[in-house]
Amino acid sequence: MSTTPTSGRPQNSAATTWTREAGLAEKRDLWSAMKRGCRGRCPRCGEGKLFRAFLKVADACDKCGQDFSGHRADDLPAYLVIVIVGHIVVPLALYIETNYSPPVALQLSIYLPLTLFASLALLQPVKGAVVGLQWALHMHGFDDNPAEGIPPV
């Protein structure tokens, strides 16, 4: 079995056994992992699907096998979506109210659907970016060597 001159890794078509050293050598770029997650792709390879349903993260990547079962996005994506949508809708509402003073019913018929659709449109990309962030920073279930004695969630 020969090795490549640049990486020193064996060149064979058989499955490679990953060791701790190989795992430590893997570079995890924060921004590309977050961009991949935002697109709903695996933060590791960028090809496999991150979600199996609208907000259900897949158990593992179907391309590279990265395990997603330990992610802990919890409520952070919802909080971030609230902040983002709030910073868009509230200034828009204040501007329209102070300059045009439309009837309240018209305002509600505009702002409520706008808020709902913007929130739904941003929720999955933001959750994917949070999972990508956790993967890139070796957080929670993406840690190479999890702490002993802590049961899985």
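A pairwise comparison of heavy atoms in A73 and P77 identifies O-CD, 3.3 Å as the closest pair. Between A136 and A33, the shortest heavy-atom contact is CB-CB, 3.9 Å. Nearest heavy-atom pair, F68 versus P43, reported as atom, atom and distance to 0.1 Å: CE2-CD, 3.7 Å.
Partners of L116 by side-chain contact (heavy atoms from CB on, under 4.5 Å), not counting sequence neighbours, listed by chain and number: L120. Taking the side-chain contact (heavy atoms from CB on, under 4.5 Å) definition, one finds that K63 meets it with C45, E47, C61, sequence neighbours left out. The side-chain contact (heavy atoms from CB on, under 4.5 Å) check on I96 picks up L92, Y100, P102, Y111, with sequence neighbours excluded. Evaluation of the side-chain contact (heavy atoms from CB on, under 4.5 Å) rule for L94 yields V90 as partners, not counting sequence neighbours.
From L50, atom CG reaches atom CZ of R36 across 12.0 Å, with rounding to the nearest 0.5 Å. Rounding to the nearest 0.5 angstrom, the gap separating the CD atom in Q107 from the CG atom in L114 is 12.5 Å.
Within the 4.5 Å cutoff, side-chain heavy atoms of F51 are placed close to those of V57.
Figure legend: cation-pi geometry between R44 and W135 absent, as NZ or CZ is not positioned both under 6.0 Å from the six-membered ring centre and within 45° of its axis.
Both M139 and W31 belong to a common hydrophobic cluster when Ile, Leu, Val, Met, Phe, Trp and Tyr are linked at side-chain heavy-atom distances under 4.5 angstrom. In the hydrophobic cluster analysis, where Ile, Leu, Val, Met, Phe, Trp and Tyr join through side-chain heavy atoms closer than 4.5 angstrom, I88 is grouped together with Y95.
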Compile the donor-acceptor pairs under 3.5 Å between side chains in residues 78-86 and protein atoms, sequence neighbours left out, one pair per line.
none

Identify each donor-acceptor pair in which a side-chain atom of residues 121-131 lies under 3.5 Å from a protein atom, sequence neighbours left out, and give them as a table.
from : atom 1 : to  : atom 2 : distance (Å)
Q124 : NE2    : F54 : O      : 3.1
K127 : NZ     : L55 : O      : 2.8

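Side chain of Q134 to main chain of F142: no donor-acceptor pair is present (N/O by atom type, distance under 3.5 Å, no hydrogens or angles).
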